[in-house]
Amino acid sequence: MINYTKEESIALIEALSNAKGAPGFEDEVVNIIKKKYGEQFTIQEDSMRNLMIYRKNHAGNKPIIMLDGHSDEVAFIVQSIRPNGTLKFLPLGGWVTQTVPAHKVLIKNSEGHYIEGIIGSRPPHFGGGDGQKLEDMIIDVGATSYEEVVDLFKIEVGAPVVPDTTFSYNKTTEIMLGKAFDNRLGCGCVIETLLALEGLELDVDVVGAISVQEEVGCRGAKVNVKNIKPDIAIIFEGSPADDTFMDRYEAQGCLKKGAQIRHFDRSFIANPRLIEEVKKVAREKEIPYQCAVRSGGGTDAGPIHLELAAVPCLVLGVPVRYAHTHYGYAAMKDYKASIELAVEYIKTLSEETIAKL
Ligand SMILES: [Zn+2]
C-alpha cells in the first residue's frame, strides 16, 4: 500500500493541473504520468495518447476493474489569423460565453513554445461586450499584423489554447485553486488508487485508464474500454460544485462533504445495486460521501456502461467550483475521500460480488 501524504498529493495535482492538455493535445499530461509512474506500473499508450496502466502483478484471469480519468481540459483551438494580428478561435468543450473573455491564455506555437495571449474584451469606453458571441471573440497576443503572428510568434491555424493559470494550495483551509481540475483531479485519483492497492492480494485485476478527449464527446474512453474490457469501471471526475449558488438543501456538489456518488446524469443511470454496495462500504469505513442526481452533464461512464456486455459504472466526483472556466476551487478532503472509497470498494470485489450486480 502506497498512501500519499497530503504534500505528495499536492505535488502530483500541481503538476497535473499546470500541465497543458487541450482535447486532442494531452501529451504533456500523459508524459508526466509516464515519467513519474513508468517504473511502478506497465504503461501502454495508443496513437490517441490514451494510457492503459497495468499493475506488475496483473493476473490476466481475474475480473477487470477499470479506473478511468480523462486527461483533457476545456480549451480552445485557433481557427484563423486575421490581418490585424488577432486570432479567431473555436471552443474545445463546453464554455459559458460570458466567462471566456478578459482572461489570459497560452497558445502553443509550431516550435512547441507557449505564447501568452489575452482573450479580447471590448472596453466600457466603447460600450462593453455584453451579449458578445463566442464566434466574434478573438485572442490577442499583442501583435499588430498577420505577418507578426506567423513569422514572429510562429502561431499556426490549429494551435491549441489553454487557460494561463498556476496552481496554488491553501494549507490552512486545504483548498486548491487552479485550472483543469476537471479532470486532472480524476487522473490523480486513478494513480493514487492504483498506488494504494499496491502489494494487496485482490480477487480482481485493476487497470488504470487515462482517457483523452472527454470534453468533446468521451472519445478516448470509447477506445480504452474496448482495449481493457472491464467487468466494472470506476470513473473519477472533477464534477461541477454547486454549493455557492444553490440552496443548501439542493446543493449536491459541496466542497468538503466528501466523495460525490453520481446516480444520474444525461449520459447514464447508475446501477442501483452497485450504488447500494458502495454506500454500504462508505458507511462502514466512515468515508464521507454525497449523492448527486444531475439534470445535465455526462461522463465517460456514458459510453463505457454501454460497451461489451454492459459495464456497471461507479462515477466518483471531486466537486470543483466554477468548472469549465479558467479557474476552480476543490478540497483535498473530497479528493482523498474519493480515493479511499474506490480502494475500499475494490477490496470487496470478486467474481461473485460482481455477478450480483
Ligand atoms: Zn468537463
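Atoms within each ligand, like the ligands themselves, are counted from 1 in listed order. Computed from a prediction, not measured in an experiment: that's the story for all the values here.
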Handout entry: Co-members of Val212 in a cluster of I, L, V, M, F, W and Y side chains, linked at under 4.5 Å
Key = Met48, Val223
Handout entry: the Zn ion (ligand 1): protein N, O or S atoms [distance under 2.8 Å]
Key = Asp182 OD2, Glu215 OE1, Glu215 OE2, His324 NE2
Any side-chain donor paired with an acceptor under 3.5 Å for [X] and [Y]?
{"X": "Asp27", "Y": "Asn31", "result": "no"}
{"X": "His70", "Y": "Glu237", "result": "yes"}
{"X": "Tyr322", "Y": "Thr244", "result": "yes"}

Problem - Salt-bridge contact Glu284-Lys280 (side-chain N to carboxylate O under 4.0 Å) - result: no
Exercise for the section: State whether Phe25 and Lys108 meet the cation-pi test: NZ (Lys) or CZ (Arg) under 6.0 Å from the six-membered ring centroid, and within 45° of the perpendicular axis. Expected result: no
